[in-house]
Amino acid sequence: MNTRLLPFYATLLICVLLYAACVIQFPNMLSTRVLGNLLTDNAFLGIAAVGMTLVIISGGIDLSVGSVIAFTGVLIAVLVSHHGMHPLAAFAIALTFAAVFGAAMGAIIHYLNVPAFIVTLAGMFLARGLCFVLTTQSIPINHPFYTALQGLYWRLPGGGRLTFIGGLMLAVFAAGIIIAHFTKFGSYVYAIGGNRTSAELMGVPVARTTIGIYALSGFLSGLAGIVFSLYTSAGYSLSAVGVELDTIAAVVIGGTLLTGGVGYVAGTFFGVLIQGIIQTYIVFDGTLSSWWTKIVVGILLFAFIALQRVLVFVSERRISGRTIARSTG
Amino acid sequence: MTANVSPQDDVLLSVENIHKSFLGFKALDGVDFDIRAGEIHALLGENGAGKSTLIKVLTGVHQPDSGVIRFEGREIGVRDTLQAQHLGIGTVYQEVNLLPNLSVAENLFIGRQPKRFGFVDRREMERRARALLAQYGMDIDVSADLAQYSVAVQQLIAIARAVDLSGKVLILDEPTASLDRNETEMLFAVMRQLKERGMGIVFITHFLDQVYAVSDRVTILRNGKLAGTALTKELSKIDLVSKMLGRTLAEVTHTTHRTAPPASARRISFRGYGLSRSIAPFDLDISEGEVVGVAGLLGSGRTETARLLFGIDVPDSGKATVDGKEIRLSSPREAVAAGFGLCPEDRKTDGIVGDLSVRENIALALQARRGWLRRLSSREQSELADRFIKALDIRTSDMEKPVKFLSGGNQQKVILARWLATNPRFLILDEPTRGIDVGAHAEIITLINRLCDDGMALLVISSEIEEIVAYSSRVRVLRDRVHTAELTGKDINAATIMRTIAADTPLGDEPMEAKQ
Ligand SMILES: Nc1ncnc2c1ncn2[C@@H]1O[C@H](COP(=O)(O)OP(=O)(O)OP(=O)(O)O)[C@@H](O)[C@H]1O
Ligand SMILES: [Mg+2]
């Protein structure tokens, strides 16, 4: 079996066990209603995490995610509520801005050869700062189109609802999986994460791909911002603080190596779900502080990084112990 | 000295008066070079002569400072490797240049994957990959990660990829360094076939026999300058070598079969040493002042023996003694503490710390041995580096240059220097001359003889029989993971060694070696 897939299976298993454990304690949690809410509540996180997965597979990092979510939310609120723009037009503007913002960071990372950590850290401050330039208040959004979107859902068997934003997240994950495994762009992402110099020598368009990766992450952060504003019906400068760290946690728990080159978009989905399940549990329990989510996620992160180290060690051992590789026939 | 094999209009790719400097260091200094349709053109020169740099300028990795590149008569600028590929130039660079985290099929087809409904068709891609590799007699799981395969297999995959990419020109930078005899022959067969089809092939190597075996023309570089171009058949080996080195090479004095080491010499013994599934139990005695050569095909258990003796793999049978006292060798640390040293075979990936300077790389093992508390002063380090740069003729503009900027062969010399610097009692060298030019090759053989005279015990693994003959006091022959014979005295000659290696082994089906 491919040891690379082990962390992914481990995530899947933990996700199922965790859910089962919750259901044993609170049988009510076994319902499509809870599952539907799980998707709705974590939609913005999941969408942003898809972008983050590709960024991390390419060996980079994007710390600007939370700020871009907040900025797009505020931008849309200002455009719709103060300037009377139709939300769809505001969405287009916000998405374009987010994608261009990401592309610019990608260009700086590639052409100026500055570490992604630094560039996106600067991007994080910049986007957050821009929020406050627009407004310092929380701006509510009241628009018939918003109400319509918020009311949109597919009924699930058992009374649950798959809301528009929950469905959007599923669609984004599906698109992410296709991009990662069935497009040239996706193979370039893995190639750059594997070894940038080799990728360049093999003719991988490193510049174009790097810019594309960050543009995509920016775009998805923007989309997450839209989803977040649909979810909260407002734009607020101080929202989504630290969301980038939650997405990174989801990506790592999903089995993607922080060193790049290895990872699965599908794993990230379960990484997001695990975080969501813990939160739901806390809500059901009613006495626990929501900070327990952070504590459990922290422990899981440690466990997964340890697991990955062990796997890398084991597979190295195995390769060196194995004496006869497949023969050339 | 110019050659005229075929009319000028057959020229596929040519460069004129190319200059390329790195931080003031002239790597290429007015080089002319051309490659014609239907020829195999060997590009030769010492380590650091500028061969790889020329290739990288031709294929858009580096931009030349000045000079003209022409492709089929048209003047072009090569922006990047992708453009070179589109022109029909396939290249295997000297560095390992595939992606270990991608599947074999993806490595072969990245950037030109077959598509279906706009998406990559993995099934079709894997089918084509299997078909492509079948041409090289390889039947492997193409959906597995490349990292699963040995360096030799990876090298073949890189070659298959380059051949598949190259419509017109194929460039191979030391492709045979990690291939065994059969694989090399197979590669040559492919090269001849492509030549028949009118392709131009550039071939870089340090094995002069291979130059004469396949090439039609030779171009020689020396210190970044053109030293000459000639038809291979019109250039004698002696002329070739003197053009490369700028001097004649003193014939290496062969057969220094030593008499038994002095009785005072310490003796290192291994009894019944072995590891199941890796190497069958063997006995080995080696005294200070002795060189034991290890011969055998790739995959015969040579590297496994070295790993076991140095404690990288832990034996499951047998014991090791120094002067009758039993020692434990269950990690390289303990081996180093016992005065052992190992210069590994796969120096490309195992040894180099690319960002550290030449000086730091040389001092690394000695420092580790002394422990990090007793630091080598930077003066001591400089003296050490200076000594080995001279002894091994390491070509570097200065000792503070990051090792990654040295040429491939010079990087190998740095690793060799690192282990020599620890001045071990027992030194294991795995393929010490691989990728090293003829001049330095002779120097390393001299060095091995000198170390031995100074009282070091050496175990030297090599695929080059002549070389083994030149320094060994005894020769171990390995076959199919068993130490099958030990040759001494008059038996140490190329013919006997070859015969012992080949005994009973029908050529062509020896197992491949597993190296990570
Ligand atoms: N990126 C770089 N930066 C600085 N110096 C470099 C760089 N690349 C090559 N050089 C220098 O240019 C010279 C020529 O190197 P090159 O790799 O072309 O040698 P080579 O002929 O291929 O040798 P070998 O046989 O050892 O592979 C070397 O002295 C090397 O140190
Ligand atoms: Mg080279």
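Below, read A as the first sequence line, B as the second, and so on, with proteins coming before strands; counting in each chain starts at 1. Side-chain atoms are counted along with the backbone in the values below, which use heavy atoms only and exclude waters and symmetry mates.
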Let me have the donor-acceptor pairs involving side chains of residues 244-263 of chain A, under 3.5 Å, with sequence neighbours excluded, atom names and distances please.
residue	atom	partner	partner atom	Å
A:E244	OE1	A:G66	N	2.8
A:T247	OG1	A:E244	O	2.6

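Per-residue counts of heavy-atom pairs under 4.5 Å with chain A were compared for B:H86, B:E106, B:Q83, B:Q113; the largest is that of B:Q113. Ranked by non-hydrogen atom pairs under 4.5 Å with chain A, the options B:L133, B:D80, B:L275, B:L102 are led by B:L102. When each of B:L165, B:L99, B:L82, B:T59 is scored by its heavy-atom pairs under 4.5 Å with chain A, the top score falls to B:L99. Of the listed residues (A:A199, A:G203, A:S187), the greatest number of heavy-atom pairs within a distance under 4.5 Å of chain B belongs to A:G203.
Contacts of B:D121 with chain A are absent, with no heavy-atom separation under 4.5 Å from either backbone or side chain. Only the side chain of B:Q85 has a heavy atom closer than 4.5 Å to any heavy atom of chain A. For B:R161, the part sitting under 4.5 Å from any heavy atom of chain A is the side chain, from C-beta outward, and nothing else.
Distance alone, capped at 3.5 Å, is enough to place a donor-acceptor pair between the B:N101 side chain and the A:Y190 backbone. A donor-acceptor pair is defined here as one N or O able to donate and one able to accept, closer than 3.5 Å; such a pair exists between the side chain of B:T81 and the backbone of A:E200.
Two residues are said to be in side-chain contact when any heavy atoms from C-beta on lie closer than 4.5 Å; A:M202 and B:N107 meet this criterion.
Within 6.0 Å of the CZ atom in B:R123, the count of heavy atoms belonging to other residues, nucleotides or ligands does not exceed 12.
A pairwise comparison of heavy atoms in A:L201 and B:V61 identifies CD2-CG2, 3.5 Å as the closest pair.
Rounding to the nearest 0.5 angstrom, the gap separating the OH atom in B:Y93 from the OG1 atom in A:T197 is 12.5 Å.
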